[in-house]
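One-based numbering along the sequence shown. Every heavy atom of this structure was used, including side-chain atoms; hydrogens, water molecules and symmetry mates were not.
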Amino acid sequence: MDSAPHVSAPVLAAYSYCEAVTGQQARNFAYGIRLLPTPKRRAMSALYAFSRRVDDIGDGDLPGEVKVKRLEDTRALLTRIREGGVEEDDTDPVAVALTHAARAFPIPLGGLDELIDGVQMDVRGETYETWDDLKVYCRCVAGAIGRLSLGVFGTEPGARGAERAPEYADTLGLALQLTNILRDVREDAEGGRTYLPADDLAKFGCSAGFNGPTPPEGSDFAGLVHFEVRRARALFAEGYRLLPMLDRRSGACVAAMAGIYRRLLDRIEREPEAVLRGRVSLPGREKAYVAVRGLSGLDTRHVSRRTVRRRA
């Protein structure tokens with residue numbers, strides 16, 4: 001059983017709220033963090049709940065100027081958290097939980113500022129000409145989450161190459177976000193958003209967009225998807241180098257979350273047009289299998305062997 005340090009009743013209630021938000025709304029994320037010891041699981045739930053709040057502002061139906069105001073209010077709250085200005089009896093449970101988590105772990109809270117920056121890009125309706133342009137957005141909304149999570153996980157003492165752990169965590173976040181973009185291409189189009197780089201869309205005849213259950217006439221939609229899948233796989237391969245640097249349960253958490261998205265990517269690759277007909281997802285039993293696989297350490301051992309071969 002986990003041996004968690006004593007937490008006061010108000011903070012415990014705040015964490016319970018964040019864990020409820022995570023359990024209800026984080027379809028894939030929750031499978032991974034269940035594998036963590038209690039203090040880390042609580043901290044990750046606090047990070048998720050704050051991030052969810054930011055995302056919900058960007059995804060909501062409010063006018064743009066109201067969204068901008070709410071995002072700035074959220075940034076001001078983050079400043080209060082960073083400066084220790086949130087007390088245990090504060091009425092905002094997410095702020096209480098995140099304040100406690102940031103005191104317990106070296107969480108780089110600036111990553112949440114980056115998340116707010118990324119959601120502001122959504123509110124402005126920005127589009128991306130090249131992959132380099134899109135990477136800036138992905139680093140804000142996903143790479144930053146990887147680096148924030150690493151603040152909770154930490155690295156194993158003496159882990160070789162640990163100075164590059166934030167880079168690998170960032171890259172893994174990019175891999176997950178690109179997978180999300182492929183999965184949600186139809187849903188985003190219906191909401192007036194296009195994330196895939198304009199250069200890539202033009203290359204495969206898809207500049208007309210994705211407003212129906214079939215690809216644009218005359219396009220090579222499958223070619224576009226396979227091109228982006230290869231890009232995502234390369235990012236996963238690089239980001240997975242983080243796994244051997246983590247303790248067993250943190251590594252299991254990361255392997256479970258990333259493993260779910262890699263399997264999602266496999267499904268998208270096998271049937272590209274499925275993303276135009278609806279949201280592609282994995283059944284619960286398959287997510288549970290990936291979580292168990294992560295706890296077994298299979299992915300970590302595989303990455304470790306591959307790293308050793310590269311060095312030999």
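- Taking each heavy atom of Leu148 and Leu109 in turn, the nearest pair found is CD2-CA, 4.1 Å.
- No donor-acceptor pair closer than 3.5 Å links the side chain of Lys40 to the backbone N or O of Ser250.
- Residue Glu228 is tested with Thr179, Leu265, Leu196 for a side-chain contact (heavy atoms from CB on, under 4.5 Å); the sole match is Leu196.
- The closest donor-acceptor contact from the side chain of Ser149 to the backbone of Ile145 lies under 3.5 Å.
- Pairing each heavy atom of Val86 with each of Arg103, the nearest pair is O-NH2, 4.2 Å.
- Listed by chain and number, the residues in a side-chain contact (heavy atoms from CB on, under 4.5 Å) with Arg277 are Pro213, Glu271, Glu273, Ala274 (sequence neighbours excluded).
- Glu114 is listed as a side-chain neighbour of Arg147, based on a closest heavy-atom distance under 4.5 Å.
- In this structure, Tyr240 has its ring center at least 6.0 angstrom away from the ring center of Tyr168.
- Checked by atom type, the side-chain pair Ser8/Glu88 shows a donor-acceptor distance below 3.5 Å.
- By the 30° and 60° cut-offs, the orientation of the rings of Phe204 relative to Phe227 is tilted.
- Under 3.5 Å, the side chains of Tyr137 and Asp122 contain a donor-acceptor pair of N or O atoms.
- Looking at Arg75 and Gln120, their side chains do bring a donor and an acceptor atom within 3.5 Å of each other.
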